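As the structure lists them, so they are numbered: ligands from 1, and atoms in each ligand from 1. Please read these numbers as outputs of a predicted model, since none were measured by experiment.
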Amino acid sequence: MILSQTHSNDPATGECNKTILIVDDEAIIRDLCSRALKGYSVLEACDGTDALSLFEQGGVDVILTDVMMPKMNGLDLLKKVKEIDPTSVVIIMTGFAEKDIILNALKDDADDFIAKPLNLLQLKTAVDKALVKKELKEELASLKNLDRLKTNFLSLISHKFRTPITAISLFLQNLATGLFDPEDEIYKQNVKMIYNEACYLERMIAELLTFSRVMVNGESLRLERCDLSTLIMQSIAESKEVLSKSGLQSVLDIDPLPPISADREKLGFAIRQIIENAYKFSGDTGQVSISLKSSEDRAVLQVRDTGAGISREELPKIFEKFYQVDPANTGQVRGFGLGLYYSREFVRLHGGTISIESEAGKGSCATIVLPMQELEIPA
Ligand code: ADP
């Protein structure tokens, strides 16, 4: 049986909306703790198994647990919770004489101990301290994650740049042997390949510059009045990807909609990304249809292509940072796997959504939905 109870926040004390899970098989202890923690949201469980189910539902900030309980004891609960989320914070309620329990709990990374019988003031202080510790742990985890992402990014960039540079230097070595006449077909082929690889490098650098430009203001938006159809037409006109696929038929169905308040750079980035992807992941023939319509108080932009499509397994991952579908793992797929990730972030900042429906071999359809009521433009 799971017992749960939530006290609403107490505005008088100004406590923040944090959730404490109290685990004890004695109702009287749970009741005592939950009174001492007035002002927090409190969940209660009468054994480790029920506590674990509540924890797995998410939203628990601190667990305060007894040790001796039926079904699953407090130490097993501690172990399981730390396996699921190493940044979780668990306080063990136990007698200070119980040294073995304390040692075992420490081994499993218990965050604090409270002596039984309970002192309610100490209990409140321990929970407050535990919440600060949780915040620090989360900050540390996010810094580590950032560090990992930076390392991934650097190795991805080096990999992406090394392949074309190696190719260019090999082709140049060929030409430098002096064995080929500039009029020979093989000489011309080498020059063409050097040119192609140089263009690839140039596009990579342009893409990196775009990322650094749109990242300058981080999450803040520089709102101005924007006309969506102009943003779409600009994306099409300025895209080398679109220009390079002249064999693809482009079908436009753009309704004139009232202007919205948007960050031109960030929203333009997202729009350009789904349009460029439609061309990039299509062959030399086929069709890309771009439509802009209004639906109630929303603007709906759809970009449909008849290209490679995305398999069911890959589809949920394409919005992840650095994710690219590159089955042969050649590293030659253009881009950094950041386009859709940032597109989603930017569309969200505008209160909108972005999604892609697709099937391998049957093309894709990317949709951006944006609220049309004007966002407030700061003075
Ligand atoms: P990149 O910036 O490297 O192009 P994205 O984040 O834009 O990466 O896209 C991630 C992956 O999603 C791409 O590598 C590609 O495999 C897949 N993808 C995105 N759009 C399409 C599309 N229209 N058709 C097929 N695959 C697509």
Side-chain angles (χ1 to χ4, degrees), residues 149 152-164 199-215 232 235-236 238-245 247-252 265-291 301-349 353-368:
L149 287 178
N152 283 356
F153 189 49
L154 286 177
S155 77
L156 181 77
I157 291 186
S158 334
H159 180 68
K160 292 258 172 200
F161 279 30
R162 200 179 48 209
T163 316
C199 289
Y200 172 80
L201 281 174
E202 194 188 325
R203 287 201 307 223
M204 285 283 181
I205 290 165
E207 204 150 313
L208 279 179
L209 286 175
T210 310
F211 280 123
S212 70
R213 203 177 55 235
V214 286
M215 275 352 130
I232 295 168
S235 300
I236 297 172
E238 288 166 9
S239 166
K240 285 198 176 149
E241 208 69 59
V242 178
L243 280 177
S244 69
K245 294 278 175 81
L248 278 177
Q249 189 192 7
S250 304
V251 179
L252 301 185
E265 197 101 67
K266 288 192 165 73
L267 192 57
F269 175 92
I271 291 175
R272 193 166 52 251
Q273 193 64 34
I274 59 168
I275 293 178
E276 290 215 318
N277 278 351
Y279 285 85
K280 179 159 69 169
F281 298 105
S282 289
D284 291 327
T285 56
Q287 196 179 68
V288 174
S289 325
I290 303 173
S291 79
L301 164 65
Q302 280 200 319
V303 181
R304 196 179 288 276
D305 66 68
T306 52
I310 306 162
S311 70
R312 198 180 313 183
E313 298 80 56
E314 308 281 0
L315 197 55
K317 304 182 204 154
I318 58 172
F319 286 95
E320 285 173 17
K321 229 171 190 175
F322 300 126
Y323 194 79
Q324 287 188 306
V325 184
D326 183 7
N329 208 12
T330 58
Q332 279 288 10
V333 173
R334 229 206 85 206
F336 294 97
L338 288 172
L340 288 180
Y341 171 82
Y342 280 110
S343 299
R344 188 172 59 178
E345 295 295 301
F346 295 158
V347 170
R348 272 190 189 153
L349 288 176
T353 57
I354 177 168
S355 57
I356 296 191
E357 283 172 32
S358 186
E359 217 180 303
K362 296 201 172 156
S364 308
C365 179
T367 308
I368 292 181

Original post:
Does a salt bridge link Lys245 with Glu276, judged by any charged N lying under 4.0 Å from a carboxylate O?
Top reply: no

Subject >> With sequence neighbours excluded, residues passing side chain to side chain donor-acceptor pair (under 3.5 Å) with Ser244 >> reply: none

**OP:** Kindly compute the distance separating OG1 (Thr285) from CG (Leu248), expressed to the nearest 0.5 Å.
**Re:** 7.0 Å

Subject >> Rounded distance (nearest 0.5 Å) linking atom CD of Glu241 with atom NZ of Lys280 >> reply: 6.0 Å

Subject >> Pairwise side-chain contact, Ser364 with Ile310, heavy-atom cut-off 4.5 Å (strictly under) >> reply: yes

Subject >> Option whose closest heavy atom lies nearest to atom 21 (C) of ligand 1, chosen from Tyr342, Phe281, Tyr279 >> reply: Phe281

Original post:
With a cut-off of 4.0 Å, which atoms of ligand 1 are near a heavy atom of Ser364?
Top reply: 22 (C), 23 (N), 24 (N), 25 (C)

Original post:
Is it true that Lys280 lies under 4.0 Å from ligand 1, counting heavy atoms only?
Top reply: yes

Original post:
Quick one: does ligand 1 sit under 4.0 Å from the side chain of Asp305, the backbone, both or neither, non-hydrogen atoms only?
Top reply: side chain

Original post:
Has Lys266 got its NZ or CZ under 6.0 Å from the middle of the six-membered ring of Phe346, at an angle within 45 degrees of the ring axis?
Top reply: yes

Original post:
Side chain, backbone, both or neither: which part of Asn277 has a heavy atom under 4.0 Å from ligand 1?
Top reply: both

**OP:** Find all atoms of ligand 1 within a distance of less than 4.0 Å from any non-hydrogen atom belonging to Gly309, and give their numbers and elements.
**Re:** 25 (C)

Original post:
Does any N or O atom in Gln273 lie less than 3.5 angstrom from one in ligand 1, N or O only?
Top reply: yes

Original post:
Can Ala308 be said to touch ligand 1, with heavy atoms closer than 4.0 Å?
Top reply: no

Original post:
With sequence neighbours excluded, what pairs up with Ser355 under the side chain to side chain donor-acceptor pair (under 3.5 Å) test?
Top reply: none

**OP:** Check ligand 1 against Leu340 and write out every atom of the ligand that is under 4.0 Å from a heavy-atom position of the residue.
**Re:** 5 (P), 6 (O), 7 (O), 9 (O), 19 (C)

